[in-house]
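In what follows, every heavy atom counts, from backbone to side chain, and hydrogens, waters and symmetry copies are set aside.
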Amino acid sequence: MTAQHPGLHVLHDGPDSAPTMVLIHGTAASSRTWDALVPHLSTSHHVVRVDLPGCGQSPKSIATSYALAEQARRLAATLDQIGVTNATVVGHSSGGAVATALLEQRRDLVHSVALINTGPHMGAFVGPDSNIGPVTPEGLSDDQLRLFLSSAFGPGFAVPQAVIDEARNVDFEVFAATSHAIQAYLDERALPDRLASLQTPVLVIFGAEDQRWRPESAEDYRAVPGAVIEMLPGVGHSPIIEAPERTATLLQAFTS
């Protein structure tokens, strides 16, 4: 089921009466990034997916700033409108930083946080330069886009056509603004330091073959009291696409 809230496009799956799980996509992505994972979660959870401003079906005109504090406030307004409280908030990649910013602002909304391949600080970043230059996605062939996007997956993983198609819809102004905002947030204070003082259950899932963030940096989250850290062998930066069933099993065990 789809709905529109404070300008943000929202997808709902699973029974309304079930525990709520909020899914936050990463940079240059959308709520559709979670398509392979949702069927494994919606049997036991009310799954809420939100397109952040300028992504998916949410217009960029609703954002005056892409700073993480503003992203979190905008997301909180959406969750308030649909009556979400005490949710497990899951972020993939930079979406994990948005989830952390939401927790910092609204402890009443967030029961627990799960970070999937979310770099703890910029020192852990090993990915390629995100700037592909003046050429727009429309000017690139599928093979060129597939090569550009290959670092988002484990070595040898075939980039799905749906990911290629979505990349052609990326607004590069939004992409640049969001990328800068994420970097500023991580440079200001590392995620483990932010989470350590918030006394909230934390799950960290990392693909052991991540080509964008050093997989061993997942250990930095040991600074968070009680954090559960799970490493997925043979999986890259996008477990939600590469290994959705294994990822869902970890999330369900965490929430139970």
Can you check side-chain hydrogen bond (donor to acceptor under 3.5 Å, both in side chains) on Thr27 and Ser179, steps first, answer last? CA-CA 7 Å; Thr27 308; Ser179 297; 4.9 Å; no

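- Using a 4.5 Å heavy-atom threshold, the side chains of Val22 and Thr88 count as separate.
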Evaluate side chain to side chain contact (heavy atoms under 4.5 Å, CB included) for Val10 paired with Thr78, printing each intermediate quantity in order. CA-CA 9 Å; Val10 180; Thr78 296; 3.7 Å; yes

Stepwise side chain to side chain contact (heavy atoms under 4.5 Å, CB included) test for Thr200 and Leu195: CA-CA 8 Å; Thr200 299; Leu195 292 165; over 6 Å; no

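- Remark: the backbone N or O of Val50 is not paired with any side-chain donor or acceptor of Ser31 at under 3.5 angstrom.
- For Asp142 and Arg168, the salt-bridge test passes: some basic side-chain N is under 4.0 Å from an acidic carboxylate O.
- Checked for salt-bridge contact, Arg194 and Glu104 meet the test: a charged N lies under 4.0 Å from a carboxylate O.
- Between Arg212 and Asp210, no side-chain nitrogen of the basic residue sits less than 4.0 Å from a carboxylate oxygen of the acidic one, so the salt-bridge criterion is not met.
- Residues Met21 and Leu41 meet the side-chain proximity criterion, which asks for heavy atoms closer than 4.5 Å.
- No side-chain donor-acceptor contact under 3.5 Å links Gln252 to the backbone of Ser44.
- When each of Val89, Leu109, Val110 is paired with Leu103, the side chain to side chain contact (heavy atoms under 4.5 Å, CB included) condition holds for Val110 and for no other.
- Between Arg222 and Ile229, the closest side-chain pair of non-hydrogen atoms falls below 4.5 Å.
- Listed by chain and number, the residues in a side-chain hydrogen bond (donor to acceptor under 3.5 Å, both in side chains) with Ser150 amount to none (sequence neighbours excluded).
- For the pair Ser238 (side chain) and Ile241 (backbone), a donor-acceptor distance under 3.5 Å is absent.
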Would Trp213 and Met122 count as a side chain to side chain contact (heavy atoms under 4.5 Å, CB included) here? Give the steps. CA-CA 9 Å; Trp213 299 92; Met122 289 307 299; 3.9 Å; yes

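- Residues His9 and Asp51 have side chains that bring a donor and an acceptor to within less than 3.5 angstrom of each other.
- Dense packing is recorded around CD of Gln161, with more than 12 heavy atoms of other residues, nucleotides or ligands lying under 6.0 Å away.
- Of the possible polar contacts, none joining the Ser94 side chain to the Gly26 backbone as a donor-acceptor pair under 3.5 Å is found.
- Residue pairs meeting the ring pair (Phe, Tyr, Trp, His ring centres under 6.0 Å) criterion with at least one member in residues 70-105, sequence neighbours excluded, are His92-His237.
- Heavy-atom neighbours of Glu216 CD from other residues, nucleotides or ligands within 6.0 Å: above the threshold of 12.
- Side-chain atoms of Asp193 and His121, non-hydrogen and from C-beta on, never get closer than 4.5 Å to each other.
- No donor-acceptor distance shorter than 3.5 angstrom exists from the side chain of Arg73 to the backbone of Gln105, with no hydrogens or angles considered.
- The hydrophobic cluster containing Val126 does not contain Phe153, counting ILVMFWY residues as joined when their side-chain heavy atoms lie under 4.5 angstrom apart, directly or transitively.
- Under the side chain to side chain contact (heavy atoms under 4.5 Å, CB included) rule, Arg49 has a single partner from Leu23, Ile24, Val90, Thr33, which is Leu23.
- For the pair Pro19 and His46, the minimum side-chain heavy-atom distance is 4.5 Å or more.
- Two different hydrophobic clusters hold Val170 and Tyr66 under the rule that ILVMFWY side chains link at heavy-atom gaps under 4.5 Å.
- Within the 4.5 Å cutoff, the side chain of Ser112 has no heavy atoms near those of the Val202 side chain.
- Judged by distance alone, the side chain of Ser30 and the main-chain N or O of Arg32 form a donor-acceptor pair under 3.5 Å.
- One hydrophobic cluster, built from ILVMFWY side chains closer than 4.5 Å, holds both Val204 and Phe125.
- In summary, of the residues considered (Asn117, Leu37, Leu250), a side chain to side chain contact (heavy atoms under 4.5 Å, CB included) with Pro239 occurs for Asn117 alone.
- Connection of Val163 to Leu147 is not established within any shared hydrophobic cluster, with ILVMFWY side chains joined at heavy-atom distances below 4.5 Å, either directly or through further cluster members.
- Using a 4.5 Å cut-off on side-chain heavy atoms (C-beta onward), Phe254 and Thr249 make no contact.
- In this structure the side chain of Met231 never reaches within 4.5 angstrom of the side chain of Ile205, judged on heavy atoms.
- Looking at Glu70 and Thr64, their side chains never bring a donor and an acceptor atom within 3.5 Å of each other.
- Judged by the 6.0 Å and 45° rule, Arg214 forms no cation-pi pair with Phe206.
- Judged purely by atom type and a 3.5 angstrom limit, Thr100 uses its side chain to pair as donor or acceptor with the backbone of Gly96.
- Transitive grouping of hydrophobic side chains (ILVMFWY, heavy atoms separated by less than 4.5 Å) keeps Val174 and Ile182 in distinct clusters.
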